[in-house]
Number of protein chains: 2
Amino acid sequence: MTTGSRGPEKRRNSSRRNLILEHLQGVDRFLSSQEIHKQMKSRGESLGLATVYRQLEILVDEGHLDSIVSPQGEKLFRHCGVDESHHHHIICRKCGMTRQIEISEVEEMAELAAKRYKFTEVTHNLEIFGLCEKCS
Amino acid sequence: MTTGSRGPEKRRNSSRRNLILEHLQGVDRFLSSQEIHKQMKSRGESLGLATVYRQLEILVDEGHLDSIVSPQGEKLFRHCGVDESHHHHIICRKCGMTRQIEISEVEEMAELAAKRYKFTEVTHNLEIFGLCEKCS
DNA sequence: ATACCTGCAAAAGCTTTGCACCTAC
DNA sequence: GTAGGTGCAAAGCTTTTGCAGGTAT
């Protein structure tokens with residue numbers, strides 16, 4: 001959303017990147033880099049933590065992953081369809097289950113606020129946290 | 001926003017807490033704990049970094065400060081009036097200048113999404129980032 | 001006098017970087 | 001063969017914790 005792909009980087013096919021994306025496609029919640037690494041290790045994969053960080057960044061850049069920052073400041077990742085439009089999430093703060101939601105009004109209101117206060121190059125983030133049906 | 005004050009904690013009058021709040025009341029932007037500590041030190045105050053962290057937590061809990069997490073995962077703080085209703089901000093990503101904004105529709109839509117997906121105890125956060133008039 | 005407040009230093013996390021080696025192209 | 005990918009270890013950061021001494025009540 002902010003920068004997008006930054007320049008014509010030559011990316012090779014990377015076995016680890018594929019594995020990470022594949023792993024995340026089987027998960028329906030936001031995971032931290034550390035969790036992803038731990039899960040994949042205990043699954044038997046051989047890969048380093050640094051690689052996880054590096055490839056997650058690329059996957060976000062390519063639009064394969066959504067990324068948010070948790071209220072604790074940890075970066076969290078989740079798979080999402082490529083070239084979907086900007087969207088938001090409602091996230092269970094207990095089990096982490098996530099639903100994608102569309103709130104088109106948010107986009108309009110962000111634009112409006114930007115115009116009123118003469119801000120340009122506006123981005124925004126909106127995440128809704130709560131307890132899902134199972135957890136409440 | 002999430003927990004609120006957690007229990008009847010006996011808090012003494014703390015000189016450092018008062019100093020920190022006073023300092024922040026003279027600033028119109030979100031600052032990190034580290035920045036707050038640095039500014040106050042260079043101003044001649046004598047206080048430790050750990051104290052800054054501890055008192056900031058209390059000040060947020062008491063409703064004297066707003067707290068957000070930057071896109072980089074750093075916790076940021078800013079003074080706000082006590083018992084003001086929930087509100088949002090538009091923040092200059094260059095100079096940090098901040099305006100408080102009211103977007104009542106967001107509250108309604110969060111409720112709506114919660115109802116649709118059967119979530120309870122819902123909270124949300126929305127922050128808008130951009131470049132202010134001076135910085136763009 | 002008690003229990004919270006402080007500062008310092010150490011420790012704990014998360015994330016990034018340097019480097020030598022490996023591999024896709 | 002070249003440039004990106006990978007793992008490991010080290011380093012950088014922010015934030016938390018332990019502890020001895022200080023201070024409000």
Side-chain angles (χ1 to χ4, degrees), chain A residues 2-3 5-24 30-62 64-65 67-78 96, chain B residues 2-3 5-24 30-62 64-65 67-78 96:
Chain A
T2 39
T3 47
S5 61
R6 49 193 181 306
E9 282 152 29
K10 292 163 201 160
R11 277 174 198 147
R12 294 187 183 167
N13 188 16
S14 149
S15 59
R16 303 303 187 278
R17 183 156 73 244
N18 297 338
L19 282 176
I20 292 172
L21 183 52
E22 200 177 311
H23 179 78
L24 285 177
F30 279 93
L31 297 175
S32 69
S33 313
Q34 305 269 355
E35 287 174 314
I36 292 167
H37 179 244
K38 207 176 302 173
Q39 291 184 359
M40 294 183 70
K41 288 293 276 189
S42 71
R43 224 188 174 208
E45 315 285 10
S46 129
L47 86 174
L49 184 53
T51 300
V52 173
Y53 278 93
R54 288 188 279 235
Q55 293 307 331
L56 283 173
E57 188 183 0
I58 292 177
L59 285 167
V60 168
D61 186 57
E62 290 181 344
H64 289 101
L65 299 183
S67 165
I68 63 173
V69 179
S70 78
Q72 286 70 37
E74 227 181 356
K75 279 174 202 146
L76 304 179
F77 303 86
R78 179 176 178 273
Chain B
T2 40
T3 48
S5 63
R6 51 193 178 305
E9 282 150 29
K10 293 163 201 160
R11 277 172 198 150
R12 296 187 179 165
N13 188 17
S14 148
S15 60
R16 302 302 187 280
R17 183 155 72 244
N18 297 338
L19 281 176
I20 292 172
L21 183 52
E22 200 177 311
H23 179 78
L24 285 177
F30 279 93
L31 297 176
S32 69
S33 312
Q34 305 269 355
E35 287 174 315
I36 293 168
H37 179 243
K38 208 176 300 173
Q39 290 184 1
M40 294 183 70
K41 288 293 276 189
S42 71
R43 224 186 173 209
E45 315 285 11
S46 129
L47 86 173
L49 185 52
T51 299
V52 173
Y53 277 93
R54 288 189 277 235
Q55 293 308 330
L56 283 173
E57 188 184 359
I58 292 176
L59 285 167
V60 169
D61 185 58
E62 291 182 342
H64 292 286
L65 299 184
S67 165
I68 63 173
V69 179
S70 79
Q72 286 70 36
E74 226 180 357
K75 279 175 202 145
L76 305 179
F77 304 86
R78 179 175 178 273

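In what follows, every chain begins at residue 1, and chains take the letters A, B, ... in the order their sequences are listed.
- Nearest heavy atoms, B:Leu76 versus B:Ser70: CD1-CB, 3.7 Å.
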Considering only nitrogen or oxygen atoms on both sides, find all protein atoms under 3.5 Å from nucleotides 10-12 of chain C and state each distance.
none

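- Closest approach of B:Glu35 to B:Phe30, counting heavy atoms only: OE1-O, 4.3 Å.
- Nearest heavy atoms, B:Val69 versus A:Val69: CG1-CG1, 3.3 Å.
- Between the CD atom of A:Gln55 and the P atom of D:dG5 there is a distance of 6 Å, given to the nearest Å.
- Interface residues of residues 35-47 of chain B facing DNA chain C, ordered by number: B:Ser46, B:Leu47; criterion, heavy-atom separation under 4.0 Å.
- Annotation for A:Leu49 and A:His37: closest pair N-NE2, 3.5 Å, computed over non-hydrogen atoms.
- The CD atom of B:Gln55 lies 10.5 Å from the CG atom of B:Leu65; values are rounded to the nearest 0.5 Å.
- Expressed to the nearest 0.5 Å, how far CZ of B:Phe77 lies from CG of B:Leu56 amounts to 4.5 Å.
- Axis angle between the ends of the helix from C:dA1-D:dT25 to C:dC25-D:dG1, five pairs each and rounded to 10 degrees, works out to 30°.
- One interatomic measurement links the two molecules: CZ of B:Arg11 to C1' of C:dT6, which rounds to 16 Å at whole-angstrom precision.
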When the side chains of residues 40-48 of chain B are checked against the rest of the protein, which donor-acceptor pairs come out under 3.5 Å, sequence neighbours left out?
unit_1: B:Ser42; atom_1: OG; unit_2: B:Lys38; atom_2: O; d: 3.4
unit_1: B:Ser42; atom_1: OG; unit_2: B:Gln39; atom_2: O; d: 3.0
unit_1: B:Arg43; atom_1: NH1; unit_2: B:Glu45; atom_2: OE2; d: 3.3

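- Side-chain to base pairing of A:Arg54 with D:dG7: one donor and one acceptor N or O lie within less than 3.5 Å of each other.
- Note that NZ of B:Lys75 and CD of B:Glu57 are 8.0 Å apart. Values are rounded to the nearest 0.5 Å.
- Separation of atoms CG (B:Leu59) and CG (B:Leu21) is listed at 5.5 Å; rounding is to 0.5 Å.
- With rounding to whole Å, A:Ile58 atom CD1 is found 14 Å from C:dT16 atom C1'.
- Rounding to the nearest 0.5 Å places CD1 of B:Ile68 at 10.5 Å from CD of B:Glu74.
- B:Arg17 contributes no side-chain N or O that, together with a main-chain N or O of B:Arg54, makes up a donor-acceptor pair within less than 3.5 Å.
- Atoms CG (A:Leu56) and P (D:dG5) sit 14 Å apart, rounded to a whole Å.
- For C:dC5, neither phosphate oxygen OP1 nor OP2 lies less than 4.0 angstrom from any side-chain nitrogen or oxygen of B:Ser14.
- In this structure, the CG atom of A:Leu19 is 15 Å from the P atom of D:dG5, given to the nearest Å.
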N/O-N/O pairs, protein side and nucleotides 12-16 of chain D side, under 3.5 Å:
unit_1: D:dT15; atom_1: OP1; unit_2: B:Lys75; atom_2: N; d: 3.3
unit_1: D:dT15; atom_1: OP2; unit_2: B:Tyr53; atom_2: OH; d: 2.6
unit_1: D:dT15; atom_1: O5'; unit_2: B:Tyr53; atom_2: OH; d: 3.3

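- Contact of the B:Arg11 side chain with the B:Asp61 side chain is registered, since non-hydrogen atoms from C-beta on lie closer than 4.5 Å.
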Are there any protein N/O atoms within less than 3.5 Å of an N/O atom in nucleotides 1-3 of chain C, and if so, which ones and at what distance?
unit_1: C:dA3; atom_1: N3; unit_2: B:Arg12; atom_2: NH1; d: 2.9
unit_1: C:dA3; atom_1: N3; unit_2: B:Arg12; atom_2: NH2; d: 2.5

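- Closest of all the heavy-atom pairs between B:Ser67 and B:Val60 is CB-CG2, 3.9 Å.
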